[in-house]
Protein chains: 2
Amino acid sequence: MALKNKSLYAILGILNVSPGTGYDIKKYCDTVLLGFWNENFGHIYPTLKKMLSDELVEIDTSENNEKKILYRITPKGRLELESWLTEETELQPMRSEFMLKLLFSSGQPKEHIIKMLEDYKQIHVKKQEKYLAMQHDLEQGIEEISKERSRFLKAMLRRGILSCEATICWCNETMDAGL
Amino acid sequence: MALKNKSLYAILGILNVSPGTGYDIKKYCDTVLLGFWNENFGHIYPTLKKMLSDELVEIDTSENNEKKILYRITPKGRLELESWLTEETELQPMRSEFMLKLLFSSGQPKEHIIKMLEDYKQIHVKKQEKYLAMQHDLEQGIEEISKERSRFLKAMLRRGILSCEATICWCNETMDAGL
DNA sequence: GACATGTATATCACTCTGATATAAAATCCA
DNA sequence: TGGATTTTATATCAGAGTGATATACATGTC
């Protein structure tokens, strides 16, 4: 199977919520997707152009702001999104620079390894706090979202919180064990 | 800062354990690194060539198996590895296709979403079982490794186990909540 | 002896990344 | 009012990283 452009599906999914510019798509990834999906302009714009020629998206001409290009998903695009949504997801390979570095740190002084773990822990403590705050806001209903979508967002937040929890626990455990 | 070739550090770290071929490096990633670090031949071979011209590695001519190219880390390479080992590690962005798909599945039938979660859970149950078996083997001392390195391997395994645990818990919780 | 698997190197098209350039509009604040 | 900064917006580039594929010899096995 040929390599698949995954950004295409992210874009279809986002435009299916509401039409938007390339910039909007990037912003959506950085906020709503809670860091679970990274996207770059250097990939968004060329992909949008390709999607346009493949008729998966079209340009919304209602708002003709010269510079701004508003994309909308087409029925063909919705079909493509649906087919991705129903197909099985394979686990993608990981590249954890931290874990790589840790394994090769067996010769490093103990204090340095403890510092590594402490820094890593702090990053996840901060991340978890951010998720908890967002969870709180979502429960207070500060932002206007449909009940349906809010359930999915809550599940994603919960995932982030549990994942940080596991990492923090592991850091503590590993530091207590003396490496 | 320019984009950094991380494979270079993985290769330096591996060759610092013992000299090896490009093939050995790939095998090390697939086994010892427990899936925490993915590497491709398509990147290993060109990177090794570049490292050779940068004098970070050299060719071990003791075993002249014609076809086989045995690389060894140089003092310059060891210096480069050391500098990477002591510098801070930033958290790299994530791309979880599963989480992306989940968020866009709010319109899908409930049974389909439950199946998605169940499949995802099973993948992590299997993965955790594999880690547990390896942990058991390591404790039995089946493989010959130094005490020092074994401590680091145990920490990595523990990380994998806890991470799977968190994912499995989240899947159960999310399925029980009915979405 | 045929067939499959493992070891080994290499290349290709394509995906993805982060830096950088450019410029207009909105916001800040003094 | 005006200057400075931030936000919005598009675009390109070199280089990192991916997975498929080709080739070929060695080893194991049935």
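Naming convention: chains lettered A, B, ... in sequence-line order (proteins, then strands); numbering from 1 in each chain. Small disclaimer: the values here were computed from a predicted structure and weren't measured.
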d([atom1], [X]; [atom2], [N]) in whole Å:
| X | N | atom1 | atom2 | answer |
| --- | --- | --- | --- | --- |
| His43(B) | dA14(D) | NE2 | C1' | 13 Å |
| Glu39(B) | dT18(D) | CD | P | 7 Å |
| Lys68(B) | dC25(D) | NZ | P | 16 Å |
| Lys6(A) | dC14(C) | NZ | C1' | 13 Å |
| Lys50(A) | dT15(C) | NZ | C1' | 12 Å |
| Asp30(A) | dG18(C) | CG | P | 11 Å |
| Met94(B) | dG17(D) | CE | P | 18 Å |
| Tyr45(B) | dA22(D) | OH | P | 17 Å |

> Ser7(A) near the nucleic acid: base, sugar-phosphate alone, or nothing, with a heavy-atom cut-off under 4.0 Å?
Replying inline: sugar-phosphate
Selected nucleotide, minimal atom distance to [X] side chain, candidates [options]:
| X | options | result |
| --- | --- | --- |
| Leu3(B) | dT17(C), dG19(D), dT8(D) | dT17(C) |
| Thr21(A) | dT15(C), dA9(D), dG19(D) | dA9(D) |
| Pro46(B) | dG19(D), dT11(C), dT12(D) | dT11(C) |

Looking only at side-chain N and O atoms, does [X] come under 4.0 Å of OP1 or OP2 in [N]?
| X | N | result |
| --- | --- | --- |
| Arg95(B) | dT15(C) | no |
| Lys49(B) | dT11(C) | yes |
| Asn40(A) | dT15(C) | no |
| Asn38(B) | dG17(D) | no |
| Lys4(B) | dA16(D) | no |

>> Can you tell me how the ring of Phe98(A) sits relative to the ring of Trp170(A), calling it parallel under 30°, perpendicular over 60° and tilted otherwise?
In response: perpendicular
>> Keeping Thr74(A) on the side-chain end and Leu56(A) on the backbone end, is there a donor-acceptor pair under 3.5 Å?
In response: yes
>> Taking Arg159(A)'s backbone N and O only, do any of them form a donor-acceptor pair with Ser163(A)'s side chain (distance below 3.5 Å, no angle check)?
In response: no
>> Tell me whether Lys26(B) is salt-bridged to Glu39(B), with the criterion being a basic N under 4.0 Å from an acidic carboxylate O.
In response: no
> Toward the 5' end of DNA chain C, which comes first, Gln92(B) or Gly22(B), by nearest nucleotide?
Replying inline: Gly22(B)
>> Reading DNA chain C from 5' onward, which residue's closest nucleotide shows up sooner: Asp24(B) or Gly42(A)?
In response: Asp24(B)
>> If we check side-chain hydrogen bond (donor to acceptor under 3.5 Å, both in side chains) with Gln122(B), which of these qualifies: His124(B), Lys126(B), Glu118(B)?
In response: Glu118(B)
